[in-house]
Amino acid sequence: MNLQQLRYVVATAEHRTMTDAARSLYIAQPALSRAIRDLERELGMTLFARSGRGVVVTAQGRRVVKLAREALDAVHEIEALATQTHSGGELRLASPPSLESVLAGRLLPAYVAEHPGVRVHVVRCDGRDGVVNAIREQRADLGLTDLPVPADLVSHPLERQEIVLLSPPGLELPDTVPMVRLNAMRLVLPPPGSARRREFEQLFATYGVRPVIAAEIDERGSWPMAIRASSASMLGYRGMADQAAKAGLVVRSLDPTLRRIIALVHARKRLAGMAQDFLSVAEGASSV
């Protein structure tokens, strides 16, 4: 058995037809069929049962497919490690702008100090949905977001971030703002239909408040400018306080205090060496 045969097994299991599997492997369908038959003879077991125009993975085949995926993941990890050793490699991290302060302020400096040869590329995303999509579409190796995330991703909680009220100067508000004061308050909110917007609407319903929508922007928008231009406030994370202060905005806590768990997330598969190293550094500095 060799790596090429393992790739054939995994591709056939994923595509369920020899034709589609062969197309994904850029080989002829008869060649793939012969390779699978040869492997089955070598192993002395039937991996795929023919069903109409497709194939069905047998009970023995499911075990072989699982082990084949693990073996290929291990090979990819070794190749990634070799790339990292010889050319530095690139680590792709997905994050919304509201959490980039967590990356820049704590996680990235600690990681770069231990792995100076690795290039880090931050994939800026629109909120949690954007981070999840970046991971699923393999545009990022790891994602930084608040929880919860869909069950097809693995999460590693790092810290709890306080939700605060970011406001333009001059508003007559107490240092700690009761949630009931959000009623009829002008707020900048995420776009309708977004996960963040639904969460805020649920929060408002819980406390029986109905704010006035002053503007709607995604997390990639210039939120300090939107706050000042609309003379409205916005709910954000405590980690945004430094940027807010530089923009001349006022940061206030809420009563009761609201917090969200911030986590690193990734697909349910073996992580490449650089991503595993970053996760280890981040978990070492975790406050959860």
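Worth saying up front: this structure is predicted, and the values here are computed from it rather than measured.
Atom CG of Leu235 is separated from atom CG of Leu182 by 6.0 Å, given to the nearest 0.5 angstrom. Separation of atoms CG (Asn2) and CZ (Arg7) is listed at 9.0 Å; rounding is to 0.5 Å. The CE atom of Met274 lies 14.0 Å from the CG atom of Leu279; values are rounded to the nearest 0.5 Å. Interatomic distance, CE of Met240 versus OG of Ser101, reported as 8.0 Å (0.5 Å rounding). Atom CZ of Arg63 is separated from atom OG1 of Thr58 by 13.0 Å, given to the nearest 0.5 angstrom. In this structure, CD on Glu216 lies 11.5 Å from CG on Leu187, to the nearest 0.5 angstrom.
Linking Ile, Leu, Val, Met, Phe, Trp and Tyr whenever their side-chain heavy atoms come within less than 4.5 Å leaves Val132 and Val123 in two separate clusters. Leu67 and Tyr8 fall into different hydrophobic clusters, where Ile, Leu, Val, Met, Phe, Trp and Tyr side chains are chained together by heavy-atom contacts under 4.5 Å. A single hydrophobic cluster is seen to contain both Val64 and Leu39, as judged by linkage of ILVMFWY side chains at heavy-atom distances under 4.5 Å, directly or through other members. Criterion: ILVMFWY side-chain heavy atoms under 4.5 Å apart, direct or through other members. Under it, Leu91 and Leu103 are part of a common hydrophobic cluster. Residue Ile217 is grouped with residue Met185 when hydrophobic side chains (ILVMFWY) are merged at heavy-atom distances under 4.5 angstrom, including chains of intermediate members.
Across Val209 and Val180, no two heavy atoms sit closer than the pair CG1-CA, 3.8 Å. Arg197 and Ile213 make their closest contact through NH2-CD1, 3.0 Å (heavy atoms, listed as atom of the first residue, atom of the second, distance). What you find for Leu249 and Pro168 is that their closest heavy atoms are CD2-CA, 4.0 Å. Of all the heavy atoms in Ala21 and Leu32, the pair that sits closest is CB-CD2, 3.6 Å. Across Val164 and Ser253, no two heavy atoms sit closer than the pair CG1-CA, 4.5 Å. The two residues Val57 and Arg16 come nearest to each other via the heavy atoms CG2-NE, 4.2 Å.
Judged by distance alone, the side chains of Ser33 and Gln29 do bring a donor and an acceptor atom under 3.5 Å apart. Between the side chains of Tyr237 and Asp146, a donor-acceptor pair is found at a separation under 3.5 Å.
Listed for the Ser51 side chain is no donor-acceptor partner under 3.5 Å among the backbone atoms of Gly54. A donor-acceptor pair under 3.5 Å is absent between the side-chain atoms of Ser194 and the main chain of Pro190, judged by distance alone. Judged purely by atom type and a 3.5 angstrom limit, Glu162 has no side-chain atom pairing as donor or acceptor with the backbone of Arg238. Looking at Arg124, its side chain never comes within 3.5 Å of a backbone N or O of Pro97 through a donor-acceptor pair.
By the ring pair (Phe, Tyr, Trp, His ring centres under 6.0 Å) test, Phe48 is found to be paired with no residue, residues two or more places apart in sequence or in another chain being considered. Remark: Thr17 engages Asp20 in a side-chain hydrogen bond (donor to acceptor under 3.5 Å, both in side chains) (not counting sequence neighbours). The side-chain hydrogen bond (donor to acceptor under 3.5 Å, both in side chains) search around Ser24 returns His15, not counting sequence neighbours.
Val281 places none of its side-chain heavy atoms less than 4.5 Å from the side chain of Leu107. Looking only at side-chain heavy atoms (C-beta outward), Leu173 and Val250 stay at 4.5 Å or farther from each other. Between Leu93 and Leu144, every side-chain heavy-atom pair lies at or beyond the 4.5 Å cut-off. Under the 4.5 Å side-chain criterion, counting only non-hydrogen atoms from C-beta, Leu99 is not in contact with Val131. Looking only at side-chain heavy atoms (C-beta outward), Arg270 and Arg69 stay at 4.5 Å or farther from each other. Under the 4.5 Å side-chain criterion, counting only non-hydrogen atoms from C-beta, Phe278 is not in contact with Val118. Looking at Asp277 and His115, their side chains come closer than 4.5 Å, going by heavy atoms from C-beta outward. In this structure, the side chains of Arg186 and Ser233 stay at 4.5 Å or more apart for every pair of heavy atoms.
More than 12 non-hydrogen atoms from other residues, nucleotides or ligands lie less than 6.0 angstrom from CZ of Arg50. Other residues, nucleotides and ligands place more than 12 heavy atoms under 6.0 Å from the CE atom of Met45.
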Should Leu165 and Leu254 be marked as a side-chain contact (heavy atoms from CB on, under 4.5 Å) after you check the CA-CA gap, both sets of side-chain angles, and the distance that decides it? CA-CA 7 Å; Leu165 188 69; Leu254 297 168; 4.1 Å; yes
In sequence, state the C-alpha distance, the side-chain angles, and the governing distance for Arg62 and Leu47, and then conclude on side-chain contact (heavy atoms from CB on, under 4.5 Å). CA-CA 8 Å; Arg62 284 194 294 270; Leu47 305 180; over 6 Å; no
Set out, in order, the CA-CA distance, both residues' side-chain angles and the distance that settles side-chain contact (heavy atoms from CB on, under 4.5 Å) for Val188 and Trp223, then state yes or no. CA-CA 8 Å; Val188 175; Trp223 55 267; 6.0 Å; no
Quick one: side chains of residues 255-269, donor-acceptor pairs under 3.5 Å with protein atoms, not counting sequence neighbours, listed by atom name and distance.
unit_1 : atom_1 : unit_2 : atom_2 : d
His266 : NE2    : His156 : NE2    : 2.9
Arg268 : NE     : Ala151 : O      : 2.8
Arg268 : NH2    : Ala151 : O      : 3.3

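Sorted by first and then second residue, the ring pair (Phe, Tyr, Trp, His ring centres under 6.0 Å) pairs with a member in residues 165-205 form an empty list; sequence neighbours excluded. Evaluation of the side-chain hydrogen bond (donor to acceptor under 3.5 Å, both in side chains) test over residues 132-142, restricted to residues two or more places apart or in two chains, returns Arg92-Asp141, Arg136-Asp152, Glu137-Arg139.
Comment: Arg196 engages Glu199 in a salt bridge, judged by a side-chain N to carboxylate O separation of less than 4.0 angstrom. The residues Arg252 and Asp175 are annotated as not salt-bridged, no charged nitrogen and carboxylate oxygen being separated by less than 4.0 angstrom.
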